[in-house]
Protein chains: 2
Amino acid sequence: MKSLSTGAVLAAGAELVREHGWNALSMRTVATRLGVTPMALYRHVPNADSLSSGVLSFIAEPIAEVTRSGDAFTDLEAWARRTHAALVPYPGAAAALLVRWFETSPALRAVDALLQSMHDEGVEGFEAVAAVNAVFMFALMRAQGEQSVRDAGVVKRTLHTAAVAYPLPRLTALAEHYTTARFDLHFDYGLRVLLDGIAARKAAS
Amino acid sequence: MKSLSTGAVLAAGAELVREHGWNALSMRTVATRLGVTPMALYRHVPNADSLSSGVLSFIAEPIAEVTRSGDAFTDLEAWARRTHAALVPYPGAAAALLVRWFETSPALRAVDALLQSMHDEGVEGFEAVAAVNAVFMFALMRAQGEQSVRDAGVVKRTLHTAAVAYPLPRLTALAEHYTTARFDLHFDYGLRVLLDGIAARKAAS
DNA sequence: ACCTGAACACCGTTCAAGT
DNA sequence: ACCTGAACACCGTTCAAGT
């Protein structure tokens, strides 16, 4: 199946990330998956870096949309849940987005829409920026954390190894909070703490 | 100057990151900097991945220490400021640590000490984990953001480019808040949001 | 216009060899 | 014990060539 297109290249890249993780993405792996020579991609994508950011935008497309319920906190919560769900299937994508969100169109559109929600709620200036930033980072970090910890026993193994050199009593005691097991619970809880903090701050002003 | 050591290899790696950024780090670049064959490093470091994490730990060593003032929130704030200052000279290190903090000894020790501060303040369980996590990620994101934005005009240039395809009115209006200059203000606000969230949470229970 | 093939400068890493 | 050198399988990318 020849006659490629930019869309086909990015879609193939996204599939590759879903199956083998963000680090497996390269000009050559995408080319092989498409049954084509690496050089063929240069007709549709300027270079490797552009392939990465293109695939990231392709993956992140579903997070651009923000539903408007009339209540900004409901919007933030709904967006965080959808974003978390959208990124978890693509190992390493959340981490990549965490570092490159400012060059990623769907992320920029999401932030803009969330800022609009806050604006309509009466939250302005850097309070709005910090609030949106906090929720944005939370959703991405949870998605990335869930992926990192997915291998069974990573937490305890790492803690055990590190504890040989240094005692980590509090971290060890709270290790359960860093595991995947009760992830939904912790996601809900953390998000609620965050939203309550923003709301309390707003009420105080 | 032959007769290497693990410490010398990691120190050379850190210097290389400081001068040319995290992406410049490799077996071969470190070897050349030490005036030695790439294979010579394998005597002191098991593989490339281990070189990366070793250099990251080397760079992050100063963030392990947490000063205890008696007030946990003072400790959090002081630690975040020192961490930010420690990571900014090493381009890309904060982003790397953001993804790999759980395998990095100084980061684990810092988190443990911060959890201890919260524990002594009477903040336990998930509240403590969420609070420390948020501050930790916040400090790293700001360090990384400051590096990313260091090139003059990145924010406005990116926004202008993105705005060709999609209007980003709120983001454009608030662009100044995403620049480096506002670090202190953002830090204070982020911390306050966190504390208010915990307080609201406790009041509700 | 679109894709191929050879080539080059990079990676990490194995294995055999030097001292 | 410590380092070197050749070799191999990967990268991204340029350039000339095919259709």
Side-chain angles (χ1 to χ4, degrees), chain A residues 1-59 90-93 95-96 99-100 103-104 151, chain B residues 1-59 90-93 95-97 99-100 103-104:
Chain A
M1 191 133 315
K2 295 304 152 76
S3 81
L4 305 170
S5 69
T6 306
V9 169
L10 300 185
E15 274 309 295
L16 207 145
V17 172
R18 167 142 57 190
E19 290 171 21
H20 301 105
W22 182 254
N23 290 336
L25 186 69
S26 78
M27 285 285 186
R28 289 179 125 103
T29 53
V30 171
T32 336
R33 169 176 270 266
L34 287 167
V36 105
T37 270
M39 291 319 303
L41 302 187
Y42 282 83
R43 185 77 28 189
H44 308 99
V45 147
N47 51 37
D49 200 65
S50 183
L51 174 71
S52 289
S53 68
V55 169
L56 192 57
S57 288
F58 188 94
I59 290 173
Y90 298 91
V99 174
R100 310 171 65 167
E103 316 154 13
T104 309
D151 310 302
Chain B
M1 192 132 320
K2 298 304 151 79
S3 81
L4 305 171
S5 68
T6 305
V9 170
L10 300 185
E15 275 309 296
L16 206 145
V17 171
R18 166 142 55 189
E19 289 171 22
H20 300 105
W22 182 254
N23 289 335
L25 186 69
S26 79
M27 286 282 185
R28 290 178 124 103
T29 53
V30 171
T32 335
R33 168 176 270 268
L34 288 167
V36 105
T37 269
M39 291 320 302
L41 302 187
Y42 282 83
R43 186 79 24 193
H44 307 98
V45 147
N47 52 35
D49 200 66
S50 183
L51 174 71
S52 290
S53 68
V55 169
L56 193 56
S57 289
F58 188 93
I59 291 172
Y90 298 90
L97 192 56
V99 175
R100 311 171 65 166
E103 317 155 11
T104 308

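Chain A is the first sequence line, chain B the second, and so forth, proteins listed ahead of strands; every chain is numbered from 1. Values in this document were obtained by computation on a predicted structure and should not be read as measured data.
- Remark: the backbone N or O of B:Leu25 is not paired with any side-chain donor or acceptor of B:Thr29 at under 3.5 angstrom.
- In this entry the distance linking CG of A:Asn23 with C1' of D:dC11 reads 13 Å, nearest Å.
- Side-chain atoms of A:Ser57 do not come within 3.5 Å of backbone N or O of A:Thr104 as any donor-acceptor pair.
- Across D:dC3, D:dT13, C:dT4, the shortest atom-to-atom separation from the side chain of A:Val36 is found for C:dT4.
- Listed candidates were D:dC11, C:dC3, C:dT13. Nearest to the side chain of B:Asn47 is C:dT13.
- Distances from the side chain of B:Pro38 to the nucleotides C:dC3, D:dT13, C:dT13 place C:dT13 closest.
- Between B:His44 and the phosphate of D:dC2, there is no side-chain N or O to OP1/OP2 separation shorter than 4.0 Å.
- Atom OH of B:Tyr42 and atom P of C:dG12 are 7 Å apart (whole Å).
- One interatomic measurement links the two molecules: CE of A:Met27 to C1' of D:dC10, which rounds to 16 Å at whole-angstrom precision.
- In this structure, the side chain of B:Ser50 does not engage the main chain of B:Asn47 through any donor-acceptor pair within 3.5 Å.
- A:Met39 comes within contact range of at least one nucleobase, with a heavy-atom separation under 4.0 Å.
- Of all nucleotides listed (C:dC11, D:dT4, D:dG12), D:dG12 comes nearest to the side chain of A:Arg28.
- Rounded to whole angstrom, the span from the CG atom of B:Leu34 across to the C1' atom of D:dT4 amounts to 15 Å.
- The nearest heavy atom of DNA chain D to A:Arg43 and to A:Leu25 marks one nucleotide each, and the one closer to the 5' end goes with A:Leu25.
- The partner of C:dG5, taking Watson-Crick or G-U wobble pairs whose two distances both stay under 3.5 Å, is D:dC15.
- Put simply, CD on B:Glu103 and CG on B:Asp49 are 7.5 Å apart, with the number rounded to the nearest 0.5 Å.
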